[in-house]
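Not measured: the values here are computed from a predicted model. Letters A, B, ... are given to chains in the order of the sequence lines, protein chains preceding strands, and every chain is numbered from 1. Values below: all heavy atoms of this structure, side chains included; hydrogens, waters and symmetry mates excluded.
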Amino acid sequence: MPFAVYNDLSQKKEPFVPVDSPKVGIYVCGPTVYDFFHIGNSRPFIIFDVLRRYLRNRGYQVTYVQNFTDIDDKMINRAAEMGITVAELAERYIGEYFADADALGIGRADVHPRATEHIPEILESIRKIIGNGHAYVLEGDVYFDVLSFAPYGKLMRQNLEELLSGARVDVNSRKKHPLDFALWKAEKPGEPSWESPWGRGRPGWHIECSAMATKYLGDTIDIHGGGSDLLFPHHENEIAQAEAATGKPFVKYWMHNGYLLMDHEKMSKSLGNFRTLRDVRKQYSPLAIRYFMLSAHYRSPINFSAAGLEQAASGAERLRSCYRSLEEAPEKKNLQSEASLKEALEKARERFHSDMDDDLNTAGALGAVFEAVKAINTALHEEGALTMENKEEARTFFHMVDEVLGILDIPGILRETAPNSEDARIEKLIEKRKEARKNKDFAGADKIRDTLLEEGIVLKDSPEGTKWYRKL
RNA sequence: GGCGGCAUAGCCAAGUGGUAAGGCAGAGGACUGCAAAUCCUUCAUCCCCGGUUCGAAUCCGGGUGCCGCCUCCA
């Protein structure tokens, strides 16, 4: 079975056939860097990062491009508000983007192009669109001429009239058609601007994405992703621009993730019902946040809630707990469980892949992971040990899962960092508790355990001694 | 008005024709000095009505409810 994706162009699940397999180009709309991003914004970043990881795991050579919009109205307004330049604002929030994204385990894109660094490509693209008769100049502005581009509306499956019927119409517009959108905006006093054949100005929002996507990934790119709110007008306009410029199909597969809701309403900056990732991160671990995002299908809306995040944290904890026992398990030969565990792991691996192949069904794939967890725990419970082979198979499985979903943080579980004074302090308390228990001072022993638990340190007594770990 | 999505146990959530994955929470039990972790047991007939079918959560028709896009927005 090949990998299949739901394509918003056809509104169907389609087998994934890259333009030039095994190479795959993915373009995802990145943030406008005028502020911290919120937890809703992080959904596509996580989803498409997982898509990229999975395609790599499947053997594709993925080139992943995610832009930064570093010039637009929001940027200009915010910079003015803060009394800094647009460039300074961009620099600052690109840094903050990476701080949050890195913390969430979102891999860096192969290219993170910025609009302001691609003015020549943008100008070239506009020139082609005008040359092909799909745009017109109006006093230093350049507008895309939607009437000239017959397929306009194909992503939305609506014609111009239908698109217009619910829209607010700008009565005073000089545009040929109300849906004509700006490719280039004439300079306004005090705003950043660049030279162009039509006078100084700056690019419209939509043009940067199509210009940069085609620059890095070719005229026809395999996958273009983003949040559903970009379907119209942003992605519709990108198609119009790119295809008007090149005459070739712009994107093979359009993928859009569902919204993150807050109290069952779309989380958005404009509604004001958002929580920055920076803020949420103080309360919940990155693993819990990733698990939460992956526990539902990417196209479904998910509702942000404390209960949801806590459930996710518990689930992730169970996974980690299993990995921990796996690594701590004694090794024995010729165990009864050997063959059945091997089989269970193999089954889980197959299901994991077939679910992921089915339009990135991460919720199903997580189910497969828990089936493996169950099998490992049961074997370990019954035998008190694992064979070396089983251990290795289980390890391989978990590493594959972590590589694709990034919800385990295996190095963190193994505590691979050098011992520090904090660890020493904890070990010392555990030693003290051991003494107390030896002297049957259970009250004293429990007090130490409770104190540590309050700090998020969990103790586990076993015949081999007391182990500890940090809760998520 | 046009277009699109969703409705599965207390909560989250897979499953698109063959008789309901998985997780969280809860209950009982095992293990433990007590816990934690783990294991065992337990916990749904899939919004409503009608239809197609030997058989439907899954297909069709009709309802009801919720959400989104058509305006900056991941």
Going by number, which of residues 62-74 of chain A have a non-hydrogen atom under 4.0 Å from RNA chain B?
A:K74
Taking any strand in view, what nucleotide pairs with B:C3 in a Watson-Crick or G-U wobble way, both distances under 3.5 Å?
B:G68
Hey, does A:Y291 reach any base, or is it just sugar-phosphate, or nothing, if we go heavy atoms under 4.0 Å?
sugar-phosphate
Should A:N303 be listed as having a side-chain N or O under 4.0 Å from OP1 or OP2 of B:C12?
no
Mate of B:A27 across any strand shown (Watson-Crick or G-U wobble, both atom pairs under 3.5 Å) is B:U41
Residues A:E427, A:K432: salt bridge by 4.0 Å N-O rule
no
Under 3.5 Å on both distances, the Watson-Crick or G-U partner of B:A36
none
Result of checking A:T362, A:N257, A:D359 against A:Y298 for side-chain hydrogen bond (donor to acceptor under 3.5 Å, both in side chains):
A:D359
State plainly whether the residues A:R275 and A:D279 are in salt-bridge range, i.e. N to O under 4.0 Å.
yes
Could you tell me whether A:K342 atom NZ has more than 12 heavy atoms of other residues or ligands within 6.0 Å of it?
no
Measuring from the side chain of A:L163 (C-beta onward, heavy atoms only), which nucleotide among B:C72, B:C24, B:C70 has the closest atom?
B:C70
Sorted by number, residues from residues 258-268 of chain A placing a heavy atom under 4.0 Å from RNA chain B are A:G258, A:Y259, A:L260, A:H264, A:E265, A:K266, A:M267, A:S268
On RNA chain B, more 5' by nearest nucleotide between A:G40 and A:Q11 is A:Q11
Answer yes or no: is there an ion pair linking A:E346 with A:R349, defined by an N-O contact shorter than 4.0 Å?
yes
Salt-bridged, A:K154 to A:E236, with N to O below 4.0 Å?
no
Decide, yes or no, whether a salt bridge links A:R78 with A:E81 under the criterion of side-chain N to carboxylate O below 4.0 Å.
yes
Of B:A74, B:G15, B:C24, the nucleotide closest to the side chain of A:D358 is B:G15
Assess whether a salt bridge exists between A:D102 and A:R108, defined as any Lys/Arg side-chain N lying under 4.0 Å from an Asp/Glu carboxylate O.
yes
Complementary nucleotide of B:C54, counting Watson-Crick and G-U pairs under 3.5 Å
B:G18
Answer yes or no: is there an ion pair linking A:R437 with A:D441, defined by an N-O contact shorter than 4.0 Å?
no
Distance between the P atoms of B:A27 and B:A20, in whole angstroms?
28 Å
Taking the nucleotide of RNA chain B with the nearest heavy atom to each, does A:P301 or A:Y6 sit closer to the 5' end?
A:Y6
Footprint string (nucleotides 29-41 of chain B, 5' to 3'): B base within contact, S backbone only, - free, heavy atoms under 4.0 Å
----BBBBSBSS-
What's A:S270 touching, base or sugar-phosphate or nothing? Going by heavy atoms closer than 4.0 Å.
base
Look at the side chain of A:Q311 against the base of B:G23 and say whether a donor-acceptor pair falls under 3.5 Å; ignore hydrogens and angles.
yes
Using atom C1' in both nucleotides, what's the gap between B:G17 and B:U58 to the nearest angstrom?
6 Å
A:S300 side chain, from C-beta outward: closest of B:A21, B:A74, B:A14:
B:A14
What I want to find out is whether A:R351 reaches A:E371 closely enough, with some N-O distance under 4.0 Å, to be called a salt bridge.
yes
I'd like to know if A:E350 pairs up with A:K347 as an ion pair, taking the criterion as any Lys NZ or Arg NE/NH1/NH2 lying under 4.0 Å from an Asp or Glu carboxylate oxygen.
no
Distance check, C1' atoms only: B:A25 and B:G4, in whole angstrom units.
34 Å
Pair A:K13 + A:D358: basic N to acidic O under 4.0 Å
yes
From the list B:A25, B:A14, B:A13, which nucleotide is the closest neighbour of the side chain of A:H297?
B:A14
